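Inspection log for the structure reproduced underneath, given as structure tokens.
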Amino acid sequence: MKPIETISYISIAVIVISLFFIGTELTGFALTDTGDVNVTIETSASIVFETSVLDLGNGTVTPGLTATVDSESGNVNWDGTQATGELILDNNGNVNVSFTLMSDKNADTFIGGLTPSFKIKVSDNVTETGSCGVTANFTAYQEITTSEQIACSNLGKDDGQDTVVIDAQLTINDNAAGSKTAQITATATALP
Amino acid sequence: MMILVAIALILAITAIGLNAMDSEVPTVGQGDAITGAAIGGEIGLNIQPAPVEDKLVGEEASQ
């Protein structure tokens with residue numbers, strides 16, 4: 001076999017193999033044609049803090065007494081500023097979710113002093129009634145810990161009904177002092 | 001013969017290029033399905049120690 005013939009055969013083989021990978025099919029003149037468009041919309045579970053800082057203020061516990069500092073209502077035995085900011089949690093995904101809440105600190109490590117308490121409450125945003133369809137813990141002020149606790153078993157996805165507010169209430173003895181910060185973590189799980 | 005070789009080369013390069021780009025038209029969108037989104041908020045306050053009464057001031061004034 002001559003070299004020219006060999007090169008020709010190799011070229012033909014390369015053409016055939018290339019066409020196989022590129023994809024070929026017999027074509028003809030189509031009088032009518034239809035096409036299918038398939039779209040699969042996957043669920044996306046996502047929550048976000050619309051506002052993520054709750055500052056309970058700056059003040060002093062009345063000497064000899066125990067103060068209650070509350071983000072919702074008036075403070076007791078607390079000579080200081082009122083709370084500013086708030087924690088608003090929004091379901092910005094396209095599926096209903098349940099979510100848990102936990103803190104990086106318990107009452108002792110957060111506030112300190114004698115017999116402190118660190119409680120939170122979860123409720124529908126006032127302008128978005130019915131956001132949490134199935135409540136769980138924290139419907140009233142309840143101690144938050146470093147372990148996950150279910151806060152809402154069914155947080156809606158629809159705009160206008162998908163946000164909740166997290167309020168906080170601290171009990172502080174007069175022997176506690178200093179600048180205090182706790183991180184609240186919300187974890188969402190998509191509902192089937 | 002040269003034409004045949006040229007066509008073979010062009011097609012081979014095209015095939016390799018398309019494979020490298022993985023250029024199939026997707027029919028199913030890739031969504032970011034998350035089943036455990038963890039996010040954080042912050043709660044803080046500043047507790048100032050109560051001022052200490054200076055009882056000596058009152059006693060000195062009465063003397």
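FYI, side chains are in, hydrogens and waters are out, and symmetry mates aren't considered; it's all heavy atoms of this structure. Lettering follows sequence order; numbering is per chain, from 1. Since the structure is predicted, the reported quantities are computational estimates derived from the model, not experimental observations.
- By number of non-hydrogen pairs under 4.5 angstrom with chain B, the leading residue of A:Trp78, A:Phe49, A:Phe118 is A:Phe49.
- Among A:Thr163, A:Asn91, A:Asp90, the one residue that satisfies the side-chain contact (heavy atoms from CB on, under 4.5 Å) test with A:Val48 is A:Asp90.
- A:Asp70 CG to A:Asp167 CG: the interatomic distance, rounded to the nearest 0.5 Å, is 7.0 Å.
- A cation-pi contact, defined as under 6.0 Å to the ring centre and within 45° of the axis, is absent between A:Lys119 and A:Tyr141.
- Neither the backbone nor the side chain of A:Ile166 comes within contact range of chain B; no heavy atom of the residue lies under 4.5 Å from a heavy atom of that chain.
- Under a 3.5 Å cut-off, the side chain of A:Thr62 and the backbone N or O of A:Asn77 do form a donor-acceptor pair.
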Identify every side-chain donor-acceptor pair in residues 42-49 of chain B under 3.5 Å, counting partners at least two apart or on other chains, and give the distances.
unit_1, atom_1, unit_2, atom_2, d
B:Asn46, OD1, A:Ser179, N, 3.4
B:Asn46, ND2, A:Asn58, OD1, 2.9
B:Gln48, NE2, A:Asn58, OD1, 3.3

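- Qualifying salt bridge (charged side-chain N to carboxylate O under 4.0 Å, His left out) partners for A:Glu148, counting only residues two or more places apart in sequence or in other chains: none.
- Grouping Ile, Leu, Val, Met, Phe, Trp and Tyr by side-chain contacts under 4.5 Å, direct or through others, puts A:Val165 with A:Ile88.
- Note: A:Ile184 leads A:Val97, A:Ile184, A:Leu56 in heavy-atom pairs under 4.5 Å with chain B.
- Put simply, of A:Val69, A:Asp55, A:Ile10, the one with the most heavy-atom pairs under 4.5 Å next to chain B is A:Asp55.
- Note: A:Thr181 leads A:Thr181, A:Val95, A:Val53 in heavy-atom pairs under 4.5 Å with chain B.
- Across A:Leu87, A:Thr81, A:Asp174, A:Asn175, the residue that shares the most heavy-atom pairs under 4.5 angstrom with chain B is A:Leu87.
- Between the CD atom of A:Gln149 and the CG atom of A:Asn137 there is a distance of 5.0 Å, given to the nearest 0.5 Å.
- The interface of residues 98-111 of chain A with chain B, defined by heavy-atom distances below 4.5 Å, comprises A:Phe110, A:Ile111.
- Atom CD1 in A:Ile47 sits 11.5 Å away from atom CG in A:Asp162 (nearest 0.5 Å).
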